[in-house]
Amino acid sequence: MLDKNGVTFCSTAVLNFQEPAQVHLGPEQERKLWRKVDFRLLPMVFFMSLLSFMDRAYAGNVKLEGLMTQLHLTGSQFNVALVSQMTTNSRHTLLKKLNIVRILCSEWLPGIMIVSWPDFLAILALKRYRYPQLVAMRFLLGAAEAGFHPGVIFYLSMWYPTYKLIYRIALFGSAVAAAGAVSGLLAYAIGFMNTVGHFEGWSWVFIIQGLTTIVICLVAVFVLVDYPNTAKFLDAEEKRFIDQQRSTIPANDIEDDGEGTVTQRILTAITDSQVWAMAFLLMLWDAPAHGITLFLPTIMNNFGYDVPISQLLTVPVYVVATISMISVAHFSDTMKIRFPFIIAAEFVGLVGYIIQITDASTGVKYFGTYLVVIGVHTGIPCTIGWQVILFALANNLRGKYKRAAGMAIQIGMSNFGGIVASNIFRTQDDPRFILGFAIEIGFLCTGLIVAVFSAYAYRRANTARIARAMRDEMNEAKRVVDLYVI
């Protein structure tokens, strides 16, 4: 049956009044719908993510622009400042993640971004800004922004079906690589602003970024929409179609299943081995990613280039990595497979880090930085998407509190990788950083092993589910939906 908009309704609703009518859109109508959703949500998510990740990317850039000298940082003090942010980020992730299921996403995500810029206020009192204040500000920044990254992933999983989720997570994740490119380019330009307003060039980096963040987030409050069923830019048929396409993430993920208390639902996720296995895998990705992000400008500078050229050389590395992330995510979603892309990314990053630890020429090592950044930044969105899909298919993780707690554990664990990465590139190891590169190689090798065993375990689980479904004479369509994506 056709309505006035040309949307087809199945007649099954006539036979069963308790089931909502199924909505079918043609390929072109479906493309237009997802394009409408993308244009409404993704630009704001991307720009907020870009500004959030630029803070971490800038840490390596401002180190070369006078931060160490003006704040009189010596020894491991720069590393301690980085760790203070990662530590609070890990500790507060679960609390912030659970809050997002109680508070409107359109207010929560921009809100924590605005609150997470105490650095801007500290810069205004620059003459009293020294090492203790730097550590304190990074500590507060980590606590404030802890819920943003897992919050965005949770938010996207409430809008997109699993087969479209990896690509959207990659667009969000591409902000990480894009932040590296933008921070390198701006650090080069702002480096010429030394003494303007009696501020060092590195101070202007944080001032400009802080003001931009406030403006973008105020706009986002009015642009972002919480969930499909509250979206005024969608009509009733479009909302119903999106709910149908998200069939592997049941509607009770938004309204919650109501089984047990909130504490019991959270404990279900905390005691699930699947959650911790995926959290460990993400941590093994995050350490190599943070290591290269925080110290790439220093690594470039150790190749023998001066500071401005070192800043510029980081830009093309991140541009290529951004293109790689989006391209791989597109093919992963199209082919509906994750594991092969994760393994390929692991090998690419591993080869890049091995090149860095050798005594190769400067040109070869610069090529190695491309492999490192491409590998680690391409693998992370595939891994996160794999985890979200596994959550959607795990019966004991259905319900918004359970999934929120599970995602928070994973992101929190990944931040521990950032804590390790902040400490292994020590001043005394400059310029070769052999210890840091060796530890990163160990992380990637362990990640390969964990990924292989995880895929093997899920394949065995699929085999058992297929056998059980065949015994129960379950139809093929329902059987496929219940299988893990590998």
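For reference, positions follow the sequence shown, starting with 1. Just so we're clear, the structure is a prediction, and the values are computed from it rather than from any experiment.
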Residue pair [X] / [Y]: nearest heavy atoms and the distance that separates them:
X      : Y      : value
Ser174 : Met325 : N-CE, 3.3 Å
Leu234 : Lys239 : O-CE, 3.5 Å
Tyr155 : Asp226 : CE1-O, 3.1 Å
Tyr370 : Pro316 : OH-CB, 3.3 Å
Ala231 : Val225 : CA-CG1, 3.4 Å
Arg40  : Val223 : NE-O, 2.7 Å

Given side chains that start at C-beta, do those of [X] and [Y] come closer than 4.5 Å, heavy atoms only?
X      : Y      : result
Met300 : Val317 : yes
Lys63  : Pro297 : no
Val45  : Leu224 : yes
Ile337 : Phe331 : no
His330 : Ser327 : no

Between [atom1] on residue [X] and [atom2] on residue [Y], distance to nearest 0.5 Å:
X      : Y      : atom1 : atom2 : answer
Phe341 : Met335 : CZ    : CE    : 5.0 Å
Gln244 : Glu237 : CD    : CD    : 11.0 Å
Leu156 : Lys164 : CG    : NZ    : 14.0 Å
Arg338 : Ile343 : CZ    : CD1   : 15.0 Å
Ile242 : Met158 : CD1   : CE    : 13.0 Å
Ile342 : Ile380 : CD1   : CD1   : 11.0 Å

Problem set entry | Under the salt bridge (charged side-chain N to carboxylate O under 4.0 Å, His left out) test, residues paired with Lys36 that sit two or more places apart | Glu238
For this session: For Arg31, enumerate each residue passing the salt bridge (charged side-chain N to carboxylate O under 4.0 Å, His left out) test, keeping only those at least two apart in sequence or located in another chain.
Result: Glu28
Show the atom names and distances, to 0.1 Å, of all donor-acceptor pairs under 3.5 Å that link a side chain in residues 430-450 to residues at least two apart or in another chain.
residue : atom : partner : partner atom : Å
Asp430  : OD1  : Asn302  : ND2          : 2.7
Arg432  : NH2  : Ile357  : O            : 3.2
Thr446  : OG1  : Gly442  : O            : 2.8

Which residues satisfy the side-chain contact (heavy atoms from CB on, under 4.5 Å) test with [X], sequence neighbours excluded?
X      : answer
Leu185 : Leu312, Val315
Ala360 : Thr358, Val364, Lys365
Ser324 : Val328, Ile374, Thr378
Ala187 : Asn61, Gln311

Problem set entry | Candidate pair Leu350 and Leu371, rule side-chain contact (heavy atoms from CB on, under 4.5 Å), full reasoning | CA-CA 8 Å; Leu350 184 59; Leu371 297 182; over 6 Å; no
Exercise. What pairs meet the side chain to side chain donor-acceptor pair (under 3.5 Å) rule with one or both residues in residues 339-357, with sequence neighbours excluded?
Worked result: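 Non-adjacent pairs meeting side chain to side chain donor-acceptor pair (under 3.5 Å): zero.
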Exercise. Do other residues, nucleotides or ligands put more than 12 heavy atoms under 6.0 Å from Phe233 CZ?
Worked result: yes
Exercise. Considering residues, nucleotides and ligands other than Phe47, do more than 12 of their heavy atoms fall under 6.0 Å from its CZ?
Worked result: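 Not buried by this count: 12 neighbours or fewer within 6.0 Å.
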Problem set entry | Residue list, side chain to side chain donor-acceptor pair (under 3.5 Å) with Ser49, at least two apart or on another chain | none
Problem set entry | side chain to side chain donor-acceptor pair (under 3.5 Å) against Trp159, all qualifying residues, sequence neighbours excluded |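 Listed in chain order: nothing, the list is empty.
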For this session: Identify whether the distance between the nearest side-chain nitrogen and carboxylate oxygen of Asp429 and Arg426 falls below 4.0 Å.
Result: yes
List the atom pairs, with distances to 0.1 Å, where a side-chain N or O of residues 276-296 and a protein N or O form a donor-acceptor pair under 3.5 Å, not counting sequence neighbours.
residue : atom : partner : partner atom : Å
Trp276  : NE1  : Ile270  : O            : 2.5
Trp285  : NE1  : Thr383  : OG1          : 2.9
Asp286  : OD2  : His290  : ND1          : 3.0
His290  : ND1  : Asp286  : O            : 3.2
His290  : NE2  : Arg56   : NH1          : 2.9
Thr293  : OG1  : Ala289  : O            : 2.8

Exercise. Out of Phe303, Tyr188, Tyr366, which residue meets the side-chain contact (heavy atoms from CB on, under 4.5 Å) rule with Leu313?
Worked result: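 Of the listed options, the one satisfying the test is Tyr366.
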Return a table of donor-acceptor pairs under 3.5 angstrom between the side chains of residues 416-423 and protein atoms on other chains or two or more places apart.
residue : atom : partner : partner atom : Å
Ser422  : OG   : Gly418  : O            : 2.8
Asn423  : ND2  : Ile419  : O            : 2.9

Exercise. When you look at Phe339 and Ser454, which way does the side-chain contact (heavy atoms from CB on, under 4.5 Å) test go after all the steps?
Worked result: CA-CA 9 Å; Phe339 172 70; Ser454 297; over 6 Å; no
For this session: Determine, stepwise, if the pair Phe425 / Thr298 fulfils side-chain contact (heavy atoms from CB on, under 4.5 Å).
Result: CA-CA 10 Å; Phe425 290 90; Thr298 300; over 6 Å; no
Problem set entry | Distance-only polar pair, side chains of Tyr160 and Asp38, donor-acceptor under 3.5 Å |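 There is such a pair between these side chains.
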For this session: Could you check Leu25 against Lys32 for side-chain contact (heavy atoms from CB on, under 4.5 Å), going step by step and ending with a plain yes or no?
Result: CA-CA 10 Å; Leu25 301 182; Lys32 288 181 179 179; over 6 Å; no
Exercise. So, does Thr322 use its side chain to make a donor-acceptor pair with the main chain of Tyr318 at under 3.5 Å?
Worked result: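 At least one qualifying donor-acceptor pair exists.
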